Protein chains: 2
Amino acid sequence: MAEGTKWLDHDEQVAWRGFILGTQLLMDRLDRDLRLEHGISLPEYEILVRLSESPGREMRMALLADALCHSRSRVTHAVARMERAGLLERSKSGQDGRGVDAIMSQAGYDLLVRASPTHVEGVRRHLVDIAGTDFPVVGRVMNDVSDRLLAGKPASADPRRDCS
Amino acid sequence: MAEGTKWLDHDEQVAWRGFILGTQLLMDRLDRDLRLEHGISLPEYEILVRLSESPGREMRMALLADALCHSRSRVTHAVARMERAGLLERSKSGQDGRGVDAIMSQAGYDLLVRASPTHVEGVRRHLVDIAGTDFPVVGRVMNDVSDRLLAGKPASADPRRDCS
DNA sequence: GATCGGAAGTTGAACGTTCACTTAATCGGA
DNA sequence: TCCGATTAAGTGAACGTTCAACTTCCGATC
């Protein structure tokens with residue numbers, strides 16, 4: 001124990017375990033609520049959100065992957081499942097012969113409209129309201145954490161488009 | 001959009017997305033580091049930590065599940081894999097004929113000793129140091145989130161032993 | 001001292017993610 | 001213009017978690 005490692009003191013330990021447990025319980029809860037009430041998972045919901053914010057409600061697969069910080073493979077599988085469920089369609093992108101656009105369907109948009117109150121109210125009830133005036137602090141810290149962990153992996157060549 | 005839902009304003013939205021992305025990247029990174037350097041996942045590491053803190057370095061399966069807030073089934077599978085890997089053993093508990101104890105092996109303890117610097121340094125570098133003086137705030141918030149989400153589900157009958 | 005409800009743990013299938021590999025299309029110099 | 005490198009996307013197997021049974025055992029009740 002006398003190596004160079006600087007261990008966590010008691011308070012840090014309590015904070016860290018609270019962090020791990022809290023995030024785990026929070027994400028589990030948000031996921032569960034979406035599944036039970038709308039038959040959709042949190043990752044799927046996030047894909048719908050990104051598509052809905054993109055012009056034409058469509059997005060290149062790679063852009064979707066970068067925005068969510070998911071692997072290309074993961075997005076391929078997820079989009080394939082969602083296409084089977086009728087939430088979106090795929091079509092070869094015009095410009096780049098390799099590219100594929102994921103295009104939100106009306107059913108997908110309708111589902112998002114129905115599901116978003118569930119999600120937002122969950123986020124409020126289980127995090128925002130509990131954090132109170134400290135919520136901006138938590139947000140800033142976790143944004144810094146993201147920035148630090150993203151630095152060094154330029155991900156995509158497009159500036160300002162990585163994991164937004 | 002004119003229902004009762006109170007949507008997130010711009011700053012809240014930025015904070016929330018930073019939170020989701022930051023926790024995701026952080027956990028992925030800690031998991032990856034443990035896997036690459038020690039061939040163990042973060043959930044497996046957490047099991048080793050709990051066992052190491054328990055008297056006799058052994059723990060009832062249900063206690064382990066409650067402490068980590070994992071399902072019984074999940075712990076059964078994880079412990080089975082770790083037993084195969086020689087990190088621990090299982091033996092029927094004396095008192096309760098239904099009970100099973102997970103007992104850390106010397107190899108498991110040695111692995112924990114080797115892996116913990118990796119983990120702790122990762123937590124420091126990627127979260128504690130970045131949060132700086134705000135880290136206690138983050139810890140308090142996430143502990144409150146945990147408490148709120150645990151309230152209502154007494155989990156185990158043992159007071160003060162739920163998901164510690 | 002039999003019976004019924006519940007708790008502890010396991011099992012196997014289904015599902016979603018990761019990983020390594022493959023295919024196809026584009027880009028950038030020689 | 002041709003060729004090698006790179007990028008976009010998909011594929012299928014492996015892995016870990018969830019879910020719904022299921023078995024075994026405890027404990028309370030009458």
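This one's a predicted model, so the numbers in the text were calculated from it and none came from an experiment. Naming: A, B, ... by sequence-line order, numbering from 1 per chain.
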(message) From CZ of B:R84 over to P of D:dC15, roughly how many Å is that when rounded to an integer?
(response) 10 Å
(message) From CG of A:L63 over to P of D:dT7, roughly how many Å is that when rounded to an integer?
(response) 15 Å
(message) Is any side-chain heavy atom of A:E121 closer than 4.5 Å to one of B:K6?
(response) no
(request) Please report, rounded to the nearest Å, how far the C1' atom of D:dA9 is from the NZ atom of A:K92. (result) 8 Å
(request) Just compare C:dG9, D:dA9, D:dC19 and give me whichever is closest to any side-chain atom of B:T76. (result) C:dG9
(request) Measure from the side-chain N and O atoms of A:T118 to the backbone N and O of A:L34, and report whether any donor-acceptor pair falls under 3.5 Å. (result) no
(message) Could you check whether any side-chain N or O of A:R124 sits under 3.5 Å from a backbone N or O of B:W7, counting only pairs where one atom can act as donor and the other as acceptor?
(response) yes
(message) Please tell me if A:R72 has a side-chain N or O lying less than 4.0 Å from either OP1 or OP2 of C:dC19.
(response) no
(request) Determine the contact category for B:R81: base if any of its heavy atoms lies under 4.0 Å from a base atom, sugar-phosphate if only primed atoms, P, OP1 or OP2 are that close, otherwise nothing. (result) base
(request) Measure from the side chain of B:D96, starting at C-beta and using heavy atoms only, and say which of C:dA25, D:dA9, D:dC25 lies closest. (result) D:dC25
(message) Applying a 4.0 Å non-hydrogen cut-off, can you work out what A:R35 is touching in the nucleic acid: base, sugar-phosphate, or nothing?
(response) nothing
(message) Closer than 4.0 angstrom, basic N to acidic O: yes or no for B:R17 and A:E53?
(response) yes
(request) Give the rounded distance in Å between these two atoms: CG of A:L36 and P of D:dC19. (result) 9 Å
(request) Using the closest heavy atom to pick a nucleotide of DNA chain C for each, name whichever of A:G97 or A:S71 lands nearer the 5' end. (result) A:S71
(request) Return the value, rounded to whole Å, for the distance between atom CG of A:D28 and atom P of D:dC19. (result) 9 Å
(message) Taking side chain to side chain contact (heavy atoms under 4.5 Å, CB included) as the criterion, tell me which of B:L51, B:I47, B:L88 meets it with B:M59.
(response) B:L51
(request) Let me know the distance between CD1 of A:I40 and C1' of C:dC15, rounded to the nearest Å. (result) 16 Å
(message) Between the base of C:dC19 and the side chain of A:S73, is one N or O donor paired with an acceptor at under 3.5 angstrom?
(response) yes
(request) Go through C:dT17, D:dT11, C:dG12 for me and flag the one nearest to the A:P43 side chain. (result) C:dT17
(message) OP1 or OP2 of C:dC19 versus the side-chain N and O atoms of A:R74: is any pair under 4.0 Å?
(response) no
(request) Please state how far atom CG in B:D101 lies from atom P in C:dT10, giving the value in whole angstrom units. (result) 11 Å
(message) Would you say A:R98 places a side-chain N or O within less than 4.0 Å of OP1 or OP2 belonging to D:dT7?
(response) no
(request) Can you spot which of B:M104, B:R90, B:E44 makes a side chain to side chain contact (heavy atoms under 4.5 Å, CB included) with B:M82? (result) B:E44
(message) Taking 4.0 Å as the cut-off, does a side-chain nitrogen or oxygen of A:R60 come that near to OP1 or OP2 on D:dT7?
(response) no
(request) Specify the separation, in whole Å, of atom CE of B:M27 and atom P of C:dT17. (result) 18 Å
(message) Is it the case that C:dG9 (base atoms only) and B:H77 (side chain only) share a donor and an acceptor within less than 3.5 Å, ignoring hydrogens and angles?
(response) no
(message) Closest-nucleotide mapping onto DNA chain D: is A:M61 or B:E44 further toward the 5' terminus? I mean the 5' end.
(response) A:M61
